[in-house]
Amino acid sequence: MRFNSSIGLFGKARRLLPGGVSSPVRAISPCPFYTARAKGPYLWDADGNRFIDHCLAYGPMILGHRHPAVEAAVEKQLEKGWLYGTPSEIEIQMAERIAGHYPSMQMMRFVSTGAEATMAALRVARGATGRNKIIKIEGGFHGAHDSVLVKAGSGATTLGIPDSRGVPVDTAKNTLQVPFNDPEALEKTLSSFPEEIACLIIEPVLGNIGPVLPQEGYLKSVRDLTKENDVLLIFDEVITGFRLGLGGAQELYGVTPDLTTLGKIIGGGFPIGVFGGRRDLMEQVAPSGGIYQAGTFNGSPVSLAAGMATLDILEGDSTLEKLNRASDEMRESLKEMVEDLDLGYSVVGIASLFKVFFGPEPHNYSEALKCDKAGYLEFFHRMLRKGVFITPSQFETDFISTAHSREVLEATLEAFRSCLKS
Ligand SMILES: *Cc1c(COP(=O)(O)O)cnc(C)c1O
C-alpha cells in the first residue's frame with residue numbers, strides 16, 4: 001500500500017493548517033490519508049487505496065456514504081434553493097418528527113453543530129435557573145467550547161491535553177467534574193454547592209473515550225439525584241440519538257431529561273445540531289424569551305432534507321433493529337477472538353457502536369486512560385494496511401453503518417483476526 005499522494009498533500013497542508021488538519025483527531029501520526037471519495041461502507045484515498053470505513057465521520061454516516069435516498073433528497077432541495085434567511089416548512093416537519101420520537105423535547109431550536117447545541121442548552125439551564133455552575137462527566141465530550149473543555153475526551157484526551165489554554169479560569173471554575181457510573185460522587189458534588197448548580201450535562205453512553213456503558217440503574221439515580229437537588233438534567237445524545245434506537249438513550253433506559261441535544265445522524269452527514277426540552281424552559285429562548293441564541297445557518301434546509309431522508313430509512317423496515325443485530329453478532333465474534341488471545345483486552349459497545357479496548361472494560365474516564373494507547377496506534381496502522389479504517393485513537397468509538405453488509409463485516413473481522421494475532 002502506497003501513500004505518496006497523501007504524504008505530499010500533508011506536507012502542503014502543514015504550512016497552511018495547524019497540524020495540517022481542520023480538526024485535531026484527523027492528524028493521524030505520522031501522516032493521515034487524504035480521502036478522495038466515498039461510497040457505501042468504503043473510502044478511497046488520493047493514492048487509490050480502498051478502506052472499509054468504521055470511523056464514518058465519527059458518527060453521522062449511519063447509512064454509509066452517499067445513500068441514494070439522501071442524495072436524492074439533497075438534490076431535490078438544491079433545486080428549491082439552499083439557504084433562505086426566512087422560516088421554511090421543513091423545520092416544522094423535522095421538529096414534529098423529532099418530538100414524536102423524543103417526547104421530552106416539547107420545543108426545540110435547530111443550530112449548525114452539536115457543539116452549538118450543547119453551548120445553547122447550557123445557556124438555557126443557566127438562564128432559567130440563574131445559576132452559574134454546571135456539572136459534567138469526566139471524559140464526556142460536548143464540543144470544543146469553554147464551559148465543557150475540561151477533561152473532555154475525544155481529541156483532547158488522545159493528545160493528552162486535559163484542558164485547553166485560552167479557557168478563562170473564571171469559566172473553568174464553574175465546571176465541576178464527576179466520574180461516570182458514580183452516583184455517590186454526584187450526590188457529594190450536588191450537596192457541596194447547594195443552589196449554585198444549574199445543570200448536569202451527560203452523555204448517557206460515553207462515546208468519546210470509546211464507548212463506556214452506564215451500569216444498571218446509574219442513569220435512573222442521575223435523574224433522581226438531579227431532581228432531588230433541583231438541578232436540571234441535560235442528555236447529550238449527539239451520538240446516541242437515533243442510534244441506540246429511534247428514541248435514543250432516553251427511550252432505551254427509560255430516563256427523561258429536562259433538555260436534550262442531538263446532532264450528527266439528524267443531518268444525514270450535513271452540519272446540524274438541535275437542542276430542546278421542557279416547554280417552560282424552551283419558551284425562555286429568544287425571541288419568545290430572554291435567553292439568546294441565533295445563527296445564519298440555523299435550520300439549514302439542505303441539512304434538514306438530508307436528515308429527513310435519513311430518518312425515513314431508519315424508521316422504515318426495521319432498519320435499526322437489523323443494524324443493531326448485525327452489530328451484536330460482530331461484537332460477539334470480536335469478543336471470542338479477544339478472549340482466545342488472552343491478552344486482557346476487551347470488546348465494548350452497544351447498538352452499532354464498538355471498540356476493542358487494549359485493557360479491561362472501562363467504566364469511567366480514569367479506567368479508560370489505563371488502556372494501552374501506543375499499542376492501539378500501532379494496531380490501527382496494521383488495520384489500515386489490511387484495508388480497514390478504524391478510528392485512529394483508543395479513545396474514539398468505532399461505528400457500523402447499514403451499508404456494511406455481512407461480507408464487509410466478515411472482511412473487517414478477518415483483518416482484526418490477523419492483526420490481533422500479530
Ligand atoms: C460530536 C459530539 C458533539 C459535538 O458535535 P459537533 O457537531 O462536532 O459540534 C457534542 N456532543 C457529543 C456527545 C458528540 O459526540
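Ligands are counted one by one from 1 in listed order, and the atoms in each one are counted from 1 as well. In what follows, every heavy atom counts, from backbone to side chain, and hydrogens, waters and symmetry copies are set aside. Bear in mind the structure is a predicted one, so any value in this text is a computation, not a measurement.
At most 12 non-hydrogen atoms from other residues, nucleotides or ligands lie less than 6.0 angstrom from CD of E195.
Taking S405 as the reference, E407, V408 meet the side chain to side chain contact (heavy atoms under 4.5 Å, CB included) condition, with sequence neighbours excluded. Taking W82 as the reference, nothing meets the ring-ring contact (aromatic ring centres under 6.0 Å, His included) condition, with sequence neighbours excluded.
In this structure, the ring of F389 has its center less than 6.0 angstrom from the ring center of F33.
Within 4.0 Å of ligand 1, contacts by protein heavy atoms are made from T113, G114, A115, F141, H142, G143, E203, N208, D236, V238, I239, K264.
The side-chain contact (heavy atoms from CB on, under 4.5 Å) test with V274 singles out one residue from R109, E116, M108, E237, and that residue is M108.
Sorted by first and then second residue, the pairs that involve residues 273-292 and meet salt bridge (Lys or Arg N to Asp or Glu O under 4.0 Å), not counting sequence neighbours, are D258-R278, R278-D280.
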